[in-house]
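One structure is given below, encoded as structure tokens.
Throughout, numbering of the chain's residues begins at 1 and tracks the sequence.
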Amino acid sequence: MTVTLRSVSKDDWDFILTIRNDQSVRDASYDTSIISKSDHFEYMKKINNDSKCYQWIITNDDENIGYVKLIHGDFGYVIKKEFRGKGFGTLLYKAVFSELKKIGIKRIFGYIKLNQTIPLRLALKVGFIQKSIIKKNNVEYYYVIKSFE
């Protein structure tokens, strides 16, 4: 079992949309609605042209199993349902942290919905620190931070 990261290309946008529109991923997201292909492609063009946005496809044995993004320090990832709970999250974090150190990122943060206990446990296990609980759009989130200094 290995995890590698590769930069996102336009050819990956449909794969990312498919994962993003999965019900379990939407339940954990800020925006829980189904995203249209045209809206998704506009969003991807926007972040693709932003120098403070980084994106990778997560692969295992050359199979795409997920997506990672860091947008202005805000970290998020999704893994296909059939690869969850098998240790890929821990491997993913190690790979991403290595990449972030290479590009000089010193600190990242994330928001995890209160009902998402497994992602919170994993984030704390890999070194995130829970700072507070915040409310965004009437939904409560754990606010977590990870430093690389």
Side-chain angles (χ1 to χ4, degrees), residues 1-130 136 141-149:
M1 180 169 78
T2 60
V3 164
T4 56
L5 301 176
R6 66 171 176 75
S7 295
V8 169
S9 73
K10 189 173 183 181
D11 291 339
D12 297 311
W13 293 2
D14 283 320
F15 168 74
I16 296 165
L17 178 62
T18 299
I19 293 177
R20 166 56 185 84
N21 278 338
D22 177 86
Q23 182 68 51
S24 63
V25 172
R26 288 187 294 121
D27 289 344
S29 299
Y30 303 137
D31 180 354
T32 58
S33 64
I34 292 177
I35 305 295
S36 71
K37 185 171 182 169
S38 60
D39 287 347
H40 174 68
F41 274 45
E42 283 303 311
Y43 173 76
M44 294 302 289
K45 285 178 197 170
K46 179 180 145 192
I47 65 172
N48 200 46
N49 293 321
D50 187 326
S51 65
K52 294 190 181 199
C53 296
Y54 305 91
Q55 317 176 66
W56 297 277
I57 295 296
I58 309 160
T59 64
N60 174 58
D61 295 331
D62 296 323
E63 179 180 355
N64 295 343
I65 66 167
Y67 168 64
V68 179
K69 64 181 178 178
L70 182 69
I71 300 176
H72 297 261
D74 187 353
F75 177 79
Y77 72 94
V78 292
I79 295 177
K80 287 169 61 176
K81 198 179 302 186
E82 60 267 30
F83 291 92
R84 295 181 200 155
K86 298 180 179 178
F88 287 101
T90 302
L91 295 174
L92 153 73
Y93 273 116
K94 288 179 184 177
V96 169
F97 293 168
S98 176
E99 287 298 314
L100 295 177
K101 288 175 187 175
K102 286 180 195 173
I103 57 179
I105 301 293
K106 302 283 187 211
R107 180 171 26 210
I108 61 175
F109 61 90
Y111 302 97
I112 303 168
K113 284 184 175 176
L114 294 189
N115 67 348
Q116 298 291 312
T117 56
I118 293 171
L120 177 64
R121 261 196 322 257
L122 179 57
L124 296 175
K125 173 183 166 186
V126 299
F128 279 85
I129 297 169
Q130 181 184 330
K136 293 176 87 171
Y141 295 85
Y142 295 107
Y143 175 63
V144 296
I145 294 176
K146 167 80 174 158
S147 294
F148 300 104
E149 302 176 280

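Between the CG atom of Leu5 and the CG atom of Leu92 there is a distance of 6.5 Å, given to the nearest 0.5 Å. Expressed to the nearest 0.5 Å, how far OH of Tyr43 lies from CD1 of Ile16 amounts to 9.5 Å. Here Tyr141 contributes atom OH and Tyr30 contributes atom OH; the two are 6.5 Å apart, rounded to the nearest 0.5 Å. Separation of atoms CG (Leu70) and CD1 (Ile47) is listed at 10.5 Å; rounding is to 0.5 Å. Atom NZ of Lys81 and atom CD1 of Ile79 lie 14.0 Å apart (nearest 0.5 Å).
Counting heavy atoms from C-beta outward, Leu91 and Met1 have side chains that approach closer than 4.5 Å. Side-chain contact between Gln55 and Tyr67: present, with at least one pair of heavy atoms (C-beta onward) separated by less than 4.5 Å. With contacts defined as side-chain heavy-atom distances shorter than 4.5 Å, the pair Cys53/Lys69 does not qualify. In this structure, Ile71 and Asp50 have side chains that are not in contact, with every pair of non-hydrogen atoms separated by 4.5 Å or more. At a threshold of 4.5 Å between non-hydrogen side-chain atoms, the residues Asp31 and Arg20 count as touching. Side-chain contact between Asn64 and Arg6: present, with at least one pair of heavy atoms (C-beta onward) separated by less than 4.5 Å.
Residues passing the side-chain hydrogen bond (donor to acceptor under 3.5 Å, both in side chains) test with Ser9, sequence neighbours excluded: Asp12. Considering only residues two or more places apart in sequence or on other chains, Asp61 meets the side-chain hydrogen bond (donor to acceptor under 3.5 Å, both in side chains) condition with none of them.
Scanning all heavy atoms of the two residues, the minimum distance from Thr2 to Phe88 falls at O-CE2, 4.1 Å. Closest approach of Arg26 and Ser33 over heavy atoms only: CD-O, 3.3 Å.
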Legend entry - Check against ring-ring contact (aromatic ring centres under 6.0 Å, His included), Tyr77 and Tyr93: CA-CA 10 Å; Tyr77 72 94; Tyr93 273 116; 5.5 Å; yes
Inset, instruction - Just do the ring-ring contact (aromatic ring centres under 6.0 Å, His included) check on Phe41 and Trp13 with the steps written out, would you? - result: CA-CA 7 Å; Phe41 274 45; Trp13 293 2; 5.1 Å; yes
Inset, instruction - Take Val96 and Phe75, measure what side chain to side chain contact (heavy atoms under 4.5 Å, CB included) needs, and give me the verdict at the end. - result: CA-CA 10 Å; Val96 169; Phe75 177 79; 3.6 Å; yes
Legend entry - Criterion side chain to side chain contact (heavy atoms under 4.5 Å, CB included) on Ile103 and Leu100, from CA distance to verdict: CA-CA 5 Å; Ile103 57 179; Leu100 295 177; 4.2 Å; yes
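In this structure, Thr59 contributes its side chain and Asp62 its backbone to no donor-acceptor pair below 3.5 Å. Checking side-chain atoms of Asn48 against main-chain N and O of Met44 turns up no donor-acceptor pair under 3.5 Å.
Comment: Asp14 engages Lys37 in a salt bridge, judged by a side-chain N to carboxylate O separation of less than 4.0 angstrom. Residues Lys80 and Glu63 are paired through a salt bridge, judged by an N-O separation under 4.0 Å between the basic side chain and the carboxylate.
Seen from the ring of Phe97, Lys146 counts as a face-on cation partner, given the 6.0 Å and 45° thresholds.
Just one of Lys46, His40, Lys45 meets the side-chain contact (heavy atoms from CB on, under 4.5 Å) condition when paired with Glu42; it is Lys45.
Side chain to side chain, Gln130 and Tyr143 fail the donor-acceptor criterion of an N or O pair below 3.5 Å.
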Side-chain donor-acceptor distances from residues 105-124 under 3.5 Å, at least two apart:
from: Lys113; atom 1: NZ; to: Asp27; atom 2: O; distance (Å): 2.8
from: Lys113; atom 1: NZ; to: Ser29; atom 2: O; distance (Å): 2.9

